[in-house]
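Reminder, nothing fancy here: chain letters follow the sequence lines and each chain counts from 1. Basis for what follows: all heavy atoms, side chains included, without hydrogens, waters or symmetry-related copies.
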Number of protein chains: 2
Amino acid sequence: MYRIGIDLGGTNMKAGIVDENHKIVIQDSIPTRVEHPYKEIIRDMAELVKDLLKKIHITEEKLSGIGVGSPGTVDAKNGIVLYSNNFNWENIPLAEELGKYFACKIRISNDANCAALGEVMAGAAMKIKNAVLITLGTGVGGGVIIDGQVFEGAHAGGAELGHTSLIFGGERCTCGRRGCAEAYVSATALIREAKLAAKNNPDSIMNELCKGDLSNMNGKVPFDAAEQNDAVGIKVVNDYIIYLGETITNYVNIFRPDIVLLSGGVCNQKEKLTEPLTEYIKTQCFGREKAYVPEVRCAILGNNAGIIGAASLIALVS
Amino acid sequence: MYRIGIDLGGTNMKAGIVDENHKIVIQDSIPTRVEHPYKEIIRDMAELVKDLLKKIHITEEKLSGIGVGSPGTVDAKNGIVLYSNNFNWENIPLAEELGKYFACKIRISNDANCAALGEVMAGAAMKIKNAVLITLGTGVGGGVIIDGQVFEGAHAGGAELGHTSLIFGGERCTCGRRGCAEAYVSATALIREAKLAAKNNPDSIMNELCKGDLSNMNGKVPFDAAEQNDAVGIKVVNDYIIYLGETITNYVNIFRPDIVLLSGGVCNQKEKLTEPLTEYIKTQCFGREKAYVPEVRCAILGNNAGIIGAASLIALVS
């Protein structure tokens, strides 16, 4: 039997046919066109899946189900996207609408949850039962796996790991609160801080790396500058690691998982990121080394995590 | 059948015989004498239980088990207290040692977990399956109930809800970190802030309420002063509610429970505390009122929560 995993993004939607070994047999993506009515977006999603099935001559009877990872606040139990900022969606019956095109079962969950589940099923946390994944992108998402199952909270709007306080009264977060972790550890925040530091320090090599135009700033630049011993770059990187270290320490004290996973472009920094973070939480988490200190590891499936994880929503509930 | 619940505190240890309806049939307490070797403390615990049994003529055969709520970092699976600051304990085999005196099964858990379980079994969250309890005492503990079960983290040292960041780089916390929630929302922290405000504002009515001696300060004084329209008292109370509101919002965004419970002396303020807090989280939690906003309620079992919850460790696993 096969399962379908769909990763619904604000720019593109990706779908893949996943086999029983969590391998993606075939995948494709198309633009999401968030400005379209939700029924059209979901029709596009159905067509994307049907095209994939046709391409490798698999009939619907061979499908045990379809899983969808959606951004926003998801009521997984009822298959409804309660709220998505990017899509301007409210109370969208995603599972029901997609179900008009397929006879098999359909499950949905938050996209970060799916990414975490993907890494646990087939990625950096394979065979690990308890993991916390923090996605460091435009925003910050969280996926929590407890005893091999996605933990979404008792009601929709849980496991929002980016939206817990880090700096009281600090930067305004996209959620409306001030000082959330997302406002300091997202890629957006790292770029904001690097730009500001480069602007305030014209001698910083970061300006050169951006070819004199700070709109070229990205999350790699401060790390590259730090590598070249640029004091300003070093400070941006160190601050970022402290913010992220504090955030991870919070989640160690709450979930005390086997492992903490990070995903997003900044993970290209690999051990330059994970080593100081593991050291940080060793000295900061409750009970220090008298308690269990989880390793911090980078996710490895990249964009495929969402597809594999969404498909796994089916495996786990069937 | 009966179960025993023991609430091991730094000053006193309390034990009770609990019936199948979660009622305490009889209870007693004796000084803990933390300075004694652990084997003596546990022997005292055993004698306290045996005395209770004798008093109401119940034989050990009528016991389905003994549950103990212990402070510190507890390895519930193995029955070991990994670390307790107050007791100066490290790797104490509490369950095994207590098991030398009894034939029935013995379970241990963290004291805040037991308090949460007690309130869910027989108190303010009865028949509720998902609850977060925050204990506001000398320190701040956390008890998390997911689907009717205590969630302690995958490894010992989880659910430490007092030890997550609130004010970056702020007050030093008892755990060694800076700016933890505990350092701002514990009774200790409230008293610290009230003392400081009263000292800096000699005209504040708080000085009068303390009879001119700030060592008389307690958590009730700022609330009483606020009731009398004392601007300084109002500020202390408002700040406290914001700190606590931020802390609760974090746990709503993570666990999205049915309900949030508070316990500790400050709960005597009842709706003066819970009403502004419920309003606060409505405006601050992720998704606002588009998501589920749990009610904030005060615990009602007081000291009995620990006994009933500890006894319930047995009911849940048998």
Side-chain angles (χ1 to χ4, degrees), chain A residues 72-73 75 82-83 90-91 128-131 142 144-147 151-170 173 175-181 184 242-243 246-247 249-258 283-288 290-294, chain B residues 72-73 75 82-83 90-91 128-131 142 144-147 151-170 175-181 184 242-243 246-247 249-259 283-288 290-294:
Chain A
T73 306
D75 174 353
L82 292 181
Y83 177 66
E90 257 184 64
N91 294 313
I128 288 175
K129 292 268 183 214
N130 297 282
V144 178
I145 308 292
I146 297 177
D147 213 12
F151 173 74
E152 320 195 61
H155 298 268
E160 284 294 349
L161 303 192
H163 301 286
T164 53
S165 53
L166 182 63
I167 298 189
F168 186 80
C173 181
C175 76
R177 250 177 123 186
R178 282 195 177 277
C180 285
Y184 292 91
I242 290 172
Y243 295 148
E246 283 288 296
T247 304
T249 301
N250 289 341
Y251 292 115
V252 170
N253 287 353
I254 295 169
F255 293 107
R256 199 61 66 158
D258 298 318
T283 65
Q284 297 296 317
C285 73
F286 190 80
R288 305 285 190 291
K290 292 192 183 92
Y292 175 86
V293 181
Chain B
T73 306
D75 176 351
L82 293 180
Y83 177 65
E90 256 185 63
N91 294 313
I128 290 175
K129 291 266 182 215
N130 297 281
V144 179
I145 307 293
I146 298 177
D147 214 12
F151 173 74
E152 321 195 59
H155 298 269
E160 284 294 349
L161 304 192
H163 301 286
T164 54
S165 51
L166 182 64
I167 298 189
F168 185 80
C175 76
R177 252 177 122 187
R178 280 194 179 278
C180 286
Y184 292 91
I242 290 172
Y243 295 147
E246 283 289 294
T247 303
T249 301
N250 289 341
Y251 292 114
V252 171
N253 288 351
I254 295 168
F255 293 108
R256 198 64 63 161
D258 298 317
I259 200 169
T283 66
Q284 297 296 316
C285 73
F286 190 79
R288 304 287 189 289
K290 292 193 183 90
Y292 175 87
V293 181

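Between A/E160 and B/R256 there is no salt bridge, since no side-chain nitrogen of the basic residue lies less than 4.0 Å from a carboxylate oxygen of the acidic one.
Using the six-membered ring where Trp is involved, B/Y292 and A/H155 have ring planes that are parallel, under 30° apart on the 30 and 60° scheme.
Applying side chain to side chain donor-acceptor pair (under 3.5 Å) to A/S165 and the options B/N250, B/T249, B/T247, B/N253 leaves one that passes, B/N250.
Taking CZ from B/F168 and OH from A/Y184, the interatomic distance works out to 9.0 Å, rounded to the nearest 0.5 Å. B/C285 contributes atom SG, which lies 9.0 Å from atom CZ of A/R177 (distance to the nearest 0.5 angstrom). Remark: A/L166 CG to B/L166 CG distance equals 10.5 Å, nearest 0.5 Å.
Chain B forms more heavy-atom pairs under 4.5 Å with one residue of A/V252, A/I254, A/N130, A/N91 than with any other, namely A/I254. With respect to chain B, the highest number of heavy-atom pairs below 4.5 Å among A/I146, A/L82, A/I242, A/T283 belongs to A/I146. Comparing B/G287, B/P294, B/C175 by heavy-atom pairs within less than 4.5 Å of chain A, the highest count is held by B/C175.
The contact between A/F255 and chain B is made by backbone and side chain atoms together, counting heavy-atom distances below 4.5 Å.
In terms of heavy atoms, A/A154 sits closest to B/P257 at CB-CA, 4.2 Å. The heavy-atom pair separating B/A156 from A/A291 by the smallest distance is O-CB, 3.9 Å.
Two residues are said to be in side-chain contact when any heavy atoms from C-beta on lie closer than 4.5 Å; B/T164 and A/T164 fail this criterion.
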